[in-house]
Number of protein chains: 2
Amino acid sequence: MKREWDLLHTPGPSPVPPSVERSMNQPMIGHRGGKCKELMNDIAPRLKPIFGTSGEVLVVTGSGTSALESSVVNITQPGDEVIVVVAGAFGDRFAQICETYELEVNRIDVPWGEAVEVDQIEAALQERPHTKAVFLTHCETSTGVMHPVEKAAKRVKATSSALVVVDGVSSIGGAGVDMDQSGIDILVSGSQKAMMLPPGLAFVAVGDQVWNVIDDNPRPRFYLDLRSYRKQLEGGQTPFTPALSLLFGLQQVLDLLEEEGLDHVFDRHQVMKEMTREACRALNLPLLVTDEAASSTVTSIRPDTFEAEQLRKLANEEFGLILAGGQKHLKGEIFRIGHMGYSRPSNVLQYIGIIEIILKRLGHDFEQGAGVAAAQEAYLKRTREE
Amino acid sequence: MKREWDLLHTPGPSPVPPSVERSMNQPMIGHRGGKCKELMNDIAPRLKPIFGTSGEVLVVTGSGTSALESSVVNITQPGDEVIVVVAGAFGDRFAQICETYELEVNRIDVPWGEAVEVDQIEAALQERPHTKAVFLTHCETSTGVMHPVEKAAKRVKATSSALVVVDGVSSIGGAGVDMDQSGIDILVSGSQKAMMLPPGLAFVAVGDQVWNVIDDNPRPRFYLDLRSYRKQLEGGQTPFTPALSLLFGLQQVLDLLEEEGLDHVFDRHQVMKEMTREACRALNLPLLVTDEAASSTVTSIRPDTFEAEQLRKLANEEFGLILAGGQKHLKGEIFRIGHMGYSRPSNVLQYIGIIEIILKRLGHDFEQGAGVAAAQEAYLKRTREE
């Protein structure tokens, strides 16, 4: 079946809105010319509210991982002590990067599917008073947990002098983070999730207070040296040739987000989460994550009467519905639904409707239509409250 | 709300697949050059199976109505007697065109929402043995009735020498018509319905046996003179500058239809019809048309507990779901759902899911989720039978 019939509901890459696709299809421009400066000067300040900061949001051409790495190499030196909360594949990646750069990594291992408790972080900091930075994941894409990063950052700031770095790759643009208010020093993200773009851009929001650390850091780095990005941005430029079509698309994404209003965007994601979770309950599909810890951009289901991979296979073959599987030790154990970016409550009605048909094929026990009804009820309840 | 969030389910224009959109965005070519000839020579034979004919399918740049008019002006002279079956707004348009061209029009008026009976046509022909042509509508878009045009054409051919002209604007590409086998002389259609293109192209399929009538017809006509289209097509051309981007798109549409297989395409439309109708029954929504007469591309609902226009308004405002209203005396009485072209069973699950939410808002009495469950059941039943 043609790709264009697909219903893409993985937790990134996520669907690209047609107007963004069109915006990307523009003639190339010189990246040192006036048109590119205009573009960068337009984009840069408009990214700030999305990251909840008055600091600079630097745009790096690269995968989300390049943004993660940039945060590590710009603030640490070999031998620095850091704390990394690892509650899934992406927390683990943060730890790997830190190890690669010869940091002394203290992992806080949290069972996959659970959120870290702020007290755990405080306790770890008390044990290691020289901790240079705490690395947190906002939405752990591999489990669908949204960690309490704002609360955690406040506690870190109140009880230590450590920096706080947050991976917001699968949340930013879909969930609000008040970076400045909560004391997060660096918040990174990527283009291909709630930011509604294809992969290829990474975002690094840097709090004003952290630049002295970055400026004084002697560690060698070149492509990911945030000082170059900040310096070039003053002149509306990037240090290296940027992925121009993605920048064209980003400008249109900003239009879409501003037109809808960020609060509405974040609410829409909350509603999609609630609809999805209520539907799963009605369909006797066990949720991996508690309500309190659940992400508004991705939901993980751990089926107990059929193979997760079988559901994914049938949904893909029969309806072009693309769901994600589990990662690492959750492989084959869970399936994950992305509801982020160019996605809305009617998409939830659609994928739940499809999943019900596949559940019927798999012989799962449930009342036909009950999942959609529960999703509708969650939607109606939310809008009644408004 | 941005147009790109819309869910377009009117009975045309219908959504354009992304690959077709992309195909249309190509640099212009000279319409007398080799590239255009290649294009036309590729398109022309591939249209024939869609119209069920070995005759020529001529491509006119114009609305569907231009194709209707071309059928009238090419085979009739002033004073000719014709029979027009009028069972809705588009049968009425056929009659208007015939009157404009000074034909003696004998209308067979059928109540809107019902299909014509073949016996009625035979009886009318017996009363008017000099009838030059019978004009029929395949799918009457204004009501969602699919008239038995193949059966009717066979009867006309068996009992008279009249020509048979069929308006297939809202069916061709979504429902099969065997033009040659049934004896239909001219079958016309447009680009913006089941053919998955924007409006702007009209198709006129002409049976080989009717060319002597067209060639001998002295009525003055220029833009719509089918002789010019046939003559130019021999050289891979059109008599006048064609809507080139739509031709680029048409080539991609043919790829999509051939890749899926016409039988599968027509079955898909049948399944969408059955899902929609079963859902309506489960939701206590009265269907305008009986199962026997119902179209596979459009479904009309005549609500009795709320205003049709109110449902359309709310569905549009809240979900961007665009449904059609009634036309002429059915205005405000019915709403119509298009399920044609770039649409599939999962779209039905989606629009029924949305309609249920709106019905709740309107205080309509039904069991939440019952419509989606019935649509799922209709889908499962159909696929179990395979």
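Residue numbers start from 1 in every chain, and the chains themselves are labelled A, B, ... in the order their sequence lines are given, proteins ahead of strands.
- Using a 4.0 Å cut-off between a side-chain N of Lys or Arg and a carboxylate O of Asp or Glu, B:R281 and B:D291 qualify as a salt bridge.
- When A:E377, A:Q368, A:E367 are compared by the number of non-hydrogen pairs under 4.5 Å with chain B, A:Q368 comes out ahead.
- In this structure, A:Y379 and B:F319 have tilted ring planes: the angle between them lies in the 30° to 60° band.
- Both the backbone and the side chain of B:Y342 come within less than 4.5 Å of a heavy atom of chain A.
- Ranking A:L349, A:I357, A:V372, A:V348 against chain B, the residue ahead of the rest is A:I357, based on heavy-atom pairs under 4.5 Å.
- If you check the side chains of B:T297 and B:H339, you find no donor sitting under 3.5 Å from an acceptor.
- No hydrogens or angles considered: nothing links the side chains of A:R22 and A:N25 as a donor-acceptor pair under 3.5 Å.
- The candidate with the highest count of non-hydrogen atom pairs below 4.5 Å against chain A, out of B:G369, B:S346, B:G353, is B:S346.
- Heavy-atom pairs under 4.5 Å with chain B were tallied for A:A375, A:P345, A:P17, A:G371; the largest tally goes to A:P17.
- In terms of modelled atom types and a separation under 3.5 Å, the side chain of B:S23 and the main chain of B:G249 share no donor-acceptor contact.
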